[in-house]
K.L.:
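Please find one structure pasted underneath; my questions will follow.
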Protein chains: 2
Amino acid sequence: MLQPAANSSKEAVISKLKQRGERLTIQRLLVIDALCTLGGHQTVHDIHQHLHQHSTDLTEPTIYRILQWLKDAETVSQTDLGHSGIVYELLGTNRHHHLVCLSCGAVIDVDDSVMASLREHLRQEYGFEPRIDHMAVFGMCRACHNQQ
Amino acid sequence: MLQPAANSSKEAVISKLKQRGERLTIQRLLVIDALCTLGGHQTVHDIHQHLHQHSTDLTEPTIYRILQWLKDAETVSQTDLGHSGIVYELLGTNRHHHLVCLSCGAVIDVDDSVMASLREHLRQEYGFEPRIDHMAVFGMCRACHNQQ
DNA sequence: GTCGGTGCAAAAGCTTTGCAAACCG
DNA sequence: CGGTTTGCAAAGCTTTTGCACCGAC
């Protein structure tokens, strides 16, 4: 199976962080590399395991700290998918969101365009600059809703 | 200070649950009463403390179980407000959402109408029945955004 | 009376923290 | 070199679970 199109090239992420004057350690580069290689959203545990399989064993606290740092640098999103846990993803060109079915647990991808009007509304009505990077919306998928 | 208008009267909640054939125990009634009295969104800890002050000491596991039950019965919403923790609120007529500032932590109320277009979009484009009861949107409030 | 809910205590996560050693720039 | 970051180990906190007893209907 083909790898899904990478959201961000490793190089682009790194140069962005350098421009911000961020400090780049081996461990930070490893986490960025893991996120690029795995593609899509990943849990802390996923990242830890991936690194372990490549015989580079960062501790989980370190991974938490690095993800927090990437989040502060507006380079990864953090999303609570409910039962699927908290996931992290590099912010790139392929911005999208998820619908999570409360009944069957399905996770459906949706395009960022569904958020355009909400974003505009919050900016104009409330002067609020939303950071809707990777949102999870809960509800019932078509199949479960019909069944019920 | 005036109590904010109750979202739901205790009686309305109870009759709804009875209609659904739900079993009503003293503990369940106490949690519903606490949510009505306190008004607005509350953490598990808030509810526990409120009951404690009224010399009725439910254990926290029981409160978790009751809130889960109320959630399944579509009678309370559950929202993760970030640093302010996970909060529960009775679903009533006064449906609203929150903007949470990532910089100063401010929590701003917004009317449910901001979600109308998103809800419609998800229903029509994806056949998904969203349950956007009480959502938290993260970002920067006007003041913090201007400062930066 | 029966099925389901609660209390208690304990465990299970997941995430954070403190400190000494290592390292980036 | 100086200030940061990491590793390690440990604690913290919220939430869940098992089981015997109790209570609603």
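Naming: A, B, ... by sequence-line order, numbering from 1 per chain.
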K.L.:
Are any non-hydrogen side-chain atoms of A:L99 and B:P130 less than 4.5 angstrom apart?
P.N.:
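A side-chain contact under 4.5 Å is absent here.
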
K.L.:
Round to the nearest Å and state the distance from B:L24 atom CG to D:dA24 atom C1'.
P.N.:
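In whole Å, D:dA24 C1' lies 9 Å from B:L24 CG.
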
K.L.:
Give, for atom NZ of A:K71 and atom CG of B:L102, the distance between the pair rounded to the nearest 0.5 Å.
P.N.:
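It comes to 7.5 Å.
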
K.L.:
Report the distance from atom CD of B:Q19 to atom P of D:dC25, rounded to the nearest whole Å.
P.N.:
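Nearest whole value for this atom pair: 15 Å.
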
K.L.:
Does a side-chain N-to-carboxylate-O contact under 4.0 Å join B:R119 and B:D112?
P.N.:
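The answer is yes: the pair qualifies as a salt bridge.
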
K.L.:
Does the plane of the ring in B:H134 sit parallel, tilted or perpendicular to the ring in B:H41? Use 30° and 60° as the thresholds.
P.N.:
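Geometry flag for B:H41 against B:H134: tilted rings.
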
K.L.:
Scan residues 49-71 of chain A against DNA chain D and write down, sorted by residue number, each residue with any heavy atom closer than 4.0 Å; if none is found, say none.
P.N.:
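By residue number: A:L58, A:T59, A:P61, A:T62, A:R65, A:I66.
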
K.L.:
Would a line drawn from the ring center of B:H52 to the ring center of B:H54 be shorter than 6.0 Å?
P.N.:
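No: the rings miss the under 6.0 Å criterion.
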
K.L.:
Between B:T25 and B:V44, which has a closest nucleotide on DNA chain D that is more 5'?
P.N.:
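With B:T25 and B:V44 compared, the 5'-side residue is B:V44.
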
K.L.:
Using a 4.0 Å cut-off to any heavy atom of chain B, which nucleotides of DNA chain C are the first and last in contact, reading 5' to 3'?
P.N.:
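Span of nucleotides near chain B: C:dC3 to C:dA9.
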
K.L.:
Between A:L17 (CG) and D:dT5 (P), how many Å, whole number?
P.N.:
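A:L17 atom CG is separated from D:dT5 atom P by 12 Å.
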
K.L.:
Where do B:C141 and B:C101 come nearest, in terms of heavy atoms and distance?
P.N.:
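Distance-wise, the nearest heavy atoms are N-SG, 3.4 Å.
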
K.L.:
A:R23 has an atom CZ; how far is it from atom P of D:dC1, in whole Å?
P.N.:
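Value for this atom pair: 17 Å.
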
K.L.:
Please give, in whole Å, the distance from D:dC22 P to B:Q27 CD?
P.N.:
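One finds 13 Å between P of D:dC22 and CD of B:Q27, rounded.
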
K.L.:
May I have all residue pairs that pass salt bridge (Lys or Arg N to Asp or Glu O under 4.0 Å) and include part of residues 132-146 of chain B, sequence neighbours excluded?
P.N.:
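Sorted pair list: B:R95-B:D133, B:R131-B:D133.
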
K.L.:
Taking the nucleotide of DNA chain D with the closest heavy atom to each, which residue, B:Q78 or A:E22, is nearer the 5' end?
P.N.:
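Whichever sits nearer the 5' end wins; that is A:E22.
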
K.L.:
Name the residue from B:H48, B:H45, B:Q27 that meets the side chain to side chain contact (heavy atoms under 4.5 Å, CB included) definition with B:I63.
P.N.:
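Answer after filtering B:H48, B:H45, B:Q27: B:H48.
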
